[in-house]
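Read the structure below first, then the notes.
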Number of protein chains: 2
Amino acid sequence: MNVLIVEDDALHRSYLGDAVRAALPECNAVMETDNGRLGEIQARSLQAEFVVMDLQMSERNGIEAARTIWRERPDTKILFWSNYSDEAYVRGVSRIVPEGATYGYVLKSASDERLRLALRSVFLESQCVIDREVRGIQQKGLSSGHGLTDAEYEILLDVALGLTDKAIANRKKLSLRTVQNRLQHLYEKLGVHQDGGDVDSRFNLRARAVAVALLRRVLNASAVERAERDLQDELSWCPGKGR
Amino acid sequence: MNVLIVEDDALHRSYLGDAVRAALPECNAVMETDNGRLGEIQARSLQAEFVVMDLQMSERNGIEAARTIWRERPDTKILFWSNYSDEAYVRGVSRIVPEGATYGYVLKSASDERLRLALRSVFLESQCVIDREVRGIQQKGLSSGHGLTDAEYEILLDVALGLTDKAIANRKKLSLRTVQNRLQHLYEKLGVHQDGGDVDSRFNLRARAVAVALLRRVLNASAVERAERDLQDELSWCPGKGR
DNA sequence: GCATGATTTGCGGGTTCCCGCAGGACGTGA
DNA sequence: TCACGTCCTGCGGGAACCCGCAAATCATGC
């Protein structure tokens with residue numbers, strides 16, 4: 001049984017190594033890697049079946065790494081171990097887990113015991129273990145609260161990338177008005193108004209929406225990075241679009 | 001000699017505690033705190049003269065904490081210990097150090113020995129110690145490269161907050177055209193064009209500028225948070241503005 | 001089948017944005 | 001003093017954005 005650890009912080013990495021060895025005495029090898037790109041390569045060459053991964057890494061973040069790992073081997077069991085439960089991360093993870101895959105999401109603030117249990121449940125019992133706090137965020141997205149629907153989240157990403165309404169319409173194969181419609185819903189959900197009955201303190205809704213999404217952690221830099229990469233890919237695939 | 005440690009990650013905090021005790025055997029007390037707000041309070045009540053602080057903390061980040069600490073006691077010696085050298089952080093720190101204050105900026109990736117030296121230099125010798133990589137970022141801002149001037153950075157923040165041109169003009173006491181002028185410079189510096197010679201892939205410059213600033217780490221969520229707080233303060237000070 | 005609600009699309013218009021052109025204010029150096 | 005560069009400001013116009021009104025489509029459930 002091989003376990004691959006992908007974590008770019010040295011202290012956390014060694015702590016995690018100890019935790020894995022302690023929780024799973026039956027495992028005979030623990031590999032450690034310090035960034036997402038190496039993680040993908042190692043997972044491929046080791047045929048790793050078990051992975052513990054940080055989400056926020058500089059070189060290539062955990063979500064992207066997990067996506068390619070799962071693409072090549074959908075039965076890989078991955079335990080995400082992250083500092084934050086930003087909606088952007090939670091949503092990013094949910095978006096990429098393959099049908100029927102088993103995974104876990106544990107916060108770094110969890111106790112040693114919780115981490116131990118999660119490791120055993122996910123790797124040995126094939127049980128999904130989602131931190132209660134993370135679970136809360138997931139639910140909020142589904143329920144009717146101020147959670148965004150998928151359509152709204154998608155358009156939020158496009159706006160955050162700086163695309164025009166028309167560009168979004170082309171990309172998503174929608175009419176211009178539909179895009180603007182969704183934008184209106186988005187503004188409403190985020191509680192963004194022009195606001196200035198008076199002279200000052202007026203907002204540009206599209207920019208303001210990105211700002212409050214950022215402040216509320218619905219969006220974060222790494223989500224924007226992923227979206228940007230997707231956009232660039234898309235542009236290079238279809239000729240005649242990239243300028 | 002009292003040293004106050006402000007760091008929200010438990011592993012890092014204990015590592016830092018050990019490092020401080022090892023580097024400064026002459027110090028007789030080390031206090032540890034796990035978030036920025038508590039850090040401010042402790043610093044005040046302990047009359048702390050020496051502080052080691054993380055920048056990225058959830059409750060209240062290091063820059064804000066340092067700002068209030070320095071405001072009350074400008075001769076406090078602060079060593080920042082951070083994961084990243086994002087331009088946003090570097091600029092944020094430079095912006096708040098009082099005249100003649102001594103401080104340091106060390107990356108978490110630095111060796112034990114570098115940390116030890118920095119602790120001794122800053123606290124005992126009153127020498128500023130700035131990590132070479134961080135130094136590079138600082139320079140880039142000043143030299144003519146694609147670094148932004150202060151005026152451009154300011155307007156970038158305002159745009160990122162979602163203000164309209166007119167609102168920015170009021171806020172900064174400038175004419176509308178001047179604001180738009182600075183925006184043009186900003187777009188140029190960031191290399192943002194309308195870009196779409198063809199049908200698709202057109203950009204909304206103001207939103208795109210925020211996106212690339214985010215991707216290039218010129219901006220980050222915590223910088224936006226600080227700006228937002230300033231904005232809210234300003235609105236509540238001057239009546240008749242906040243709606 | 002039919003009512004209800006959510007989505008999509010078109011049209012029209014008021015507002016804001018983006019920017020070229022051009023004139024004025026300020027500082028620096030020859 | 002004059003020339004030059006940089007910054008601020010006004011004007012005007014084309015494009016993009018924001019949105020109310022309204023019709024058409026689709027899904028769901030009674």
Side-chain angles (χ1 to χ4, degrees), chain A residues 142-156 158-213, chain B residues 142-144 147-156 158-213:
Chain A
L142 300 178
S143 75
S144 56
H146 56 61
L148 305 184
T149 62
D150 281 353
E152 285 151 3
Y153 187 70
E154 294 271 324
I155 210 170
L156 172 60
D158 286 339
V159 168
L161 286 178
L163 295 172
T164 58
D165 294 0
K166 207 191 296 182
I168 299 175
N170 285 14
R171 202 154 121 80
K172 293 281 167 57
K173 307 291 179 221
L174 293 172
S175 88
L176 187 62
R177 189 61 179 90
T178 301
V179 170
Q180 297 180 328
N181 234 330
R182 291 189 176 177
L183 277 172
Q184 271 184 267
H185 291 314
L186 180 67
Y187 300 149
E188 205 168 334
K189 283 272 184 73
L190 291 177
V192 176
H193 319 291
Q194 302 265 39
D195 210 303
D198 280 346
V199 199
D200 199 351
S201 90
R202 264 211 162 62
F203 287 124
N204 172 326
L205 296 186
R206 102 185 346 235
R208 184 61 180 169
V210 175
V212 320
Chain B
L142 299 178
S143 75
S144 56
L148 305 184
T149 63
D150 280 354
E152 285 151 2
Y153 186 71
E154 294 271 324
I155 209 168
L156 172 60
D158 285 338
V159 169
L161 285 179
L163 296 172
T164 58
D165 293 0
K166 207 191 295 182
I168 300 175
N170 285 14
R171 202 156 122 80
K172 293 281 165 55
K173 307 289 179 222
L174 294 172
S175 87
L176 187 63
R177 189 61 180 91
T178 300
V179 171
Q180 297 178 329
N181 234 330
R182 291 190 174 177
L183 277 173
Q184 271 184 267
H185 291 315
L186 179 67
Y187 299 150
E188 206 169 334
K189 282 273 184 74
L190 291 176
V192 175
H193 318 292
Q194 302 265 39
D195 209 304
D198 278 346
V199 198
D200 199 352
S201 89
R202 264 210 161 64
F203 287 125
N204 172 325
L205 296 186
R206 97 182 354 231
R208 183 62 181 168
V210 175
V212 321

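Only heavy atoms go into these numbers, but all of them, side chains included; no hydrogens, no water, no symmetry mates. Lettering follows sequence order; numbering is per chain, from 1.
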**Fill in**
A:A207 and B:V159 have their tightest heavy-atom pair at CB-O, 3.8 Å
**Prompt:** Atom CD1 of A:I168 to atom P of D:dC17: distance rounded to whole Å?
**Reply:** 8 Å
**Prompt:** End-to-end bend of the helix from C:dG1-D:dC30 to C:dA30-D:dT1 (five-pair axes, 10° rounding)?
**Reply:** 30°
**Asked** Whole Å only: how far is the CG atom of B:L183 from the C1' atom of C:dG20?
**Response** 16 Å
**Item:** For A:D158, all residues meeting side-chain hydrogen bond (donor to acceptor under 3.5 Å, both in side chains), sequence neighbours excluded
**Value:** A:R171, A:K172
**Rounded interatomic separation in angstrom, taking NZ from B:K173 and P from D:dT9** = 12 Å
**Complete:** Here the distance between atom P of C:dC19 and atom CZ of B:F203, to the nearest Å, is 14 Å
**Message:** Which nucleotide wins on minimum distance to the side chain of A:R202, given the candidates C:dT8, D:dC17, C:dT16?
**Reply:** C:dT16
**Complete:** Rounded to whole Å, the CZ-P distance (B:R182 to D:dT6) equals 16 Å
**Request:** First locate atom CZ of A:R208, then atom OG1 of B:T164, and finally report the distance between them rounded to the nearest 0.5 Å.
**Result:** 11.5 Å
Could you list the donor-acceptor pairs under 3.5 angstrom formed between side-chain atoms of residues 174-184 of chain B and any protein atom two or more places apart in sequence or on another chain?
from, atom 1, to, atom 2, distance (Å)
B:S175, OG, B:R177, N, 3.3
B:S175, OG, B:T178, N, 3.2
B:S175, OG, B:T178, OG1, 3.1
B:Q180, NE2, B:D165, OD2, 3.2

**Item:** Spacing of CZ belonging to A:R206 relative to OH belonging to A:Y187, to within rounding of 0.5 Å
**Value:** 5.0 Å
Identify the pairs formed between an N or O of the protein and an N or O of nucleotides 19-23 of chain D at a distance under 3.5 Å, and give each distance.
from, atom 1, to, atom 2, distance (Å)
D:dC19, N4, A:Q180, OE1, 3.1
D:dG20, N7, A:R177, NH2, 3.2
D:dG20, O6, A:R177, NE, 2.7
D:dG20, O6, A:R177, NH2, 2.7

**Asked** Shortest non-hydrogen contact from B:A211 to A:L161?
**Response** CB-O, 3.7 Å
**Request:** Pick base, sugar-phosphate or nothing for A:L176, based on heavy-atom distances below 4.0 Å to the nucleic acid.
**Result:** nothing
**Message:** At 4.0 Å (heavy atoms only), tell me whether A:T164 reaches a base, stays on the sugar-phosphate, or touches nothing.
**Reply:** sugar-phosphate
**Value in whole Å for how far the C1' atom of D:dA15 lies from NE2 of B:H193** = 19 Å
**Asked** Between A:L174 (CG) and D:dC26 (C1'), how many Å, whole number?
**Response** 15 Å
**Request:** Please check if the side chain of B:R202 supplies one atom and the backbone of A:L163 the other of a donor-acceptor pair under 3.5 Å.
**Result:** no
**Nearest heavy atoms of B:L148 and B:E152, plus distance in Å** = CA-OE1, 3.5 Å
**Minimum heavy-atom distance A:Q194-A:F203, with the two atoms named** = OE1-O, 3.1 Å
**Request:** Ignoring backbone atoms, establish whether B:S175 has a side-chain N or O less than 4.0 Å from OP1 or OP2 of D:dC8.
**Result:** no
**Asked** For B:I155 and D:dC8, what is the distance between atoms CD1 and C1' respectively, to the nearest whole Å?
**Response** 13 Å
